[in-house]
*Asks:* 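Sharing a structure, written as C-alpha cells. Questions coming.
All chains are named by letter (A, B, ...) in the order of the sequence lines, taking the proteins before the strands, and each is independently numbered beginning at 1. Just so we're clear, the structure is a prediction, and the values are computed from it rather than from any experiment.
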Amino acid sequence: MIDTRVQSAPFDVAAETANLTAGRGDIGAVVSFTGLVRGDAGDTLTLEHYPGMTERMLANIAAEAETRWGLSGGLVIHRYGVLPVGAPIVLVLTASRHRADAFQAAEFLMDWLKVKAPFWKKDANGWVEAQGSDDDAASRWNN
Amino acid sequence: MKIELLYFANVRETIGRGAETRTFGDDVKTVADVLKALGDGNDTYAAAFARPEGLRFALDQMFVGVDARLRDGAELGIFPPVTGG
C-alpha cells in the first residue's frame, strides 16, 4: 500500500523511511527520491494545487504503481505553498522485496506526478510552463 | 444547468477569482460551450480562454477533453497544463 499525502509542512526522509520499514523482514529494497526547489538562492517557488483532485490523483497514481510492480509499501508526499529555493518539494519512497520493482516504481511515480498531479508552480519569472519532455517521460509507461 | 467553476494558476489570476457558480442555458452542453458562454462579450473571460489548446479541464476532478459533456451540478476545473513533481 502506497500512502499519499498533500501538505505544506516539510517532511523527514529518514523518519518516513524508518516508518515504512519498521518491523518488516520482507523488504529488501527502498528507493527514495526527493525533489528540491531549483532557482537562485533566496528566491521562492509558490505551488498552487487543486484541493480534492490532488489527493484523488495521487491515490490513483499510487494505485496504478501497485498494479504494475510488486511493492511491499511506499509513500508519496507532495508539498504546496511558498517554498524557498533548496527546499524539499516532493518525496517518493518505494519498498519491495528486490530492487528492480522499487527503482522502476519510483521513476514511474515521479513521471506521472509531473503530468497528472494538479499542481502549478510560480517563480520570480511567473508561472512555470509545462515541459514537453515531461510528457515524453510519462508516455513511455503507457504500454 | 448549474456548474461549479474552479480556476487555477494564470487562469485564476486573469479572471480575478478562484471559484464561482454559474447557471447556463440549455445550449450549454460541453466544456467548450462553457468557454464560449463565458467569453462571449466579456473581455476578461475571453482573454483567459483565448488559447483553449493551452488549457486543461477537469470534470468532477477527473481530466476530460474540451468536448466532454456536463451534468447539472458538476464541478469544472479550468487551468493550464499541470506542473507537478
Side-chain angles (χ1 to χ4, degrees), chain A residues 4-6 33-38 45-62 76-80 83 88-92 106-123 125-138, chain B residues 2-22 30-32 34-35 38-39 44-85:
Chain A
T4 58
R5 287 184 229 151
V6 183
F33 173 86
T34 303
L36 306 178
V37 178
R38 261 182 301 126
L45 181 74
T46 301
L47 273 107
E48 180 172 334
H49 78 113
Y50 185 158
M53 183 176 175
T54 309
E55 289 82 353
R56 179 186 291 224
M57 291 307 295
L58 260 55
N60 288 352
I61 294 165
V76 174
I77 299 177
H78 205 308
R79 296 178 69 192
Y80 63 89
L83 303 178
I89 184 171
V90 60
L91 173 67
V92 167
E107 199 165 12
F108 165 84
L109 286 165
M110 275 310 305
D111 284 348
W112 272 33
L113 282 175
K114 283 269 177 195
V115 300
K116 293 177 189 289
F119 286 88
W120 299 273
K121 296 169 178 161
K122 190 178 194 182
D123 64 16
N125 299 313
W127 292 99
V128 177
E129 289 207 22
Q131 299 292 320
S133 57
D134 287 335
D135 288 326
D136 296 342
Chain B
K2 198 159 92 174
I3 302 291
E4 306 284 340
L5 292 151
L6 294 173
Y7 311 120
F8 295 96
N10 56 358
V11 176
R12 174 180 55 75
E13 288 182 342
T14 302
I15 291 173
R17 68 180 72 186
E20 62 182 324
T21 303
R22 291 286 195 118
T30 68
V31 174
V34 167
L35 300 185
L38 291 172
T44 300
Y45 286 89
F49 306 148
R51 285 184 55 249
E53 68 277 12
L55 295 174
R56 298 293 180 269
F57 313 99
L59 193 55
D60 294 323
Q61 304 187 354
M62 299 294 285
F63 285 109
V64 296
V66 74
D67 295 328
R69 292 183 75 84
L70 305 168
R71 62 165 184 87
D72 187 39
E75 178 178 308
L76 175 62
I78 304 175
F79 42 78
V82 305
T83 54

*Asks:* Heavy-atom distance under 4.5 Å between the side chains of A:Lys122 and B:Glu13, does that happen here?
*Replies:* yes
*Asks:* How close do B:Asp60 and A:Arg56 get, counting heavy atoms only, and between which atoms?
*Replies:* O-NH1, 3.5 Å
*Asks:* Quick one: closest heavy-atom pair of A:Val115 and B:Val82, and the distance?
*Replies:*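 Taking every non-hydrogen atom into account, O-CG2, 3.2 Å.
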*Asks:* Does some side-chain heavy atom of A:Trp120 sit less than 4.5 Å from a side-chain heavy atom of B:Arg12?
*Replies:* no
*Asks:* How close do A:Met57 and B:Phe63 get, counting heavy atoms only, and between which atoms?
*Replies:*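 That closest heavy-atom pairing would be CE-CE1, 3.8 Å.
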*Asks:* Examine whether an atom of A:Gln131 lies under 4.5 Å from a heavy atom of chain B, and if so say whether it belongs to the side chain, the backbone or both; otherwise answer neither.
*Replies:* neither
*Asks:* With chain B, which of A:Leu109, A:Leu113, A:Val92, A:Asn60 has the greatest number of heavy-atom pairs at distances under 4.5 Å?
*Replies:*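 It is A:Leu113.
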*Asks:* Answer yes or no: is there a donor N or O on one side and an acceptor on the other, between the side chain of B:Thr83 and the main chain of A:Ala130, under 3.5 Å?
*Replies:* no
*Asks:* Can you name the closest pair of heavy atoms from A:Lys121 and B:Gly85 and give their distance?
*Replies:*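 Result for this residue pair: NZ-O, 2.7 Å.
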*Asks:* Mark yes when over 12 heavy atoms from residues, nucleotides or ligands other than B:Glu20 sit less than 6.0 Å from its CD; otherwise mark no.
*Replies:*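 Above 12, so yes.
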*Asks:* Between A:Lys116, A:Met110, A:Arg79, which has the largest tally of heavy atom pairs under 4.5 Å with chain B?
*Replies:*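 Ranked by heavy-atom pairs under 4.5 Å with chain B, first place is A:Lys116.
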*Asks:* Is any side-chain heavy atom of B:Phe8 closer than 4.5 Å to one of A:His49?
*Replies:*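 Side-chain contact under 4.5 Å: no.
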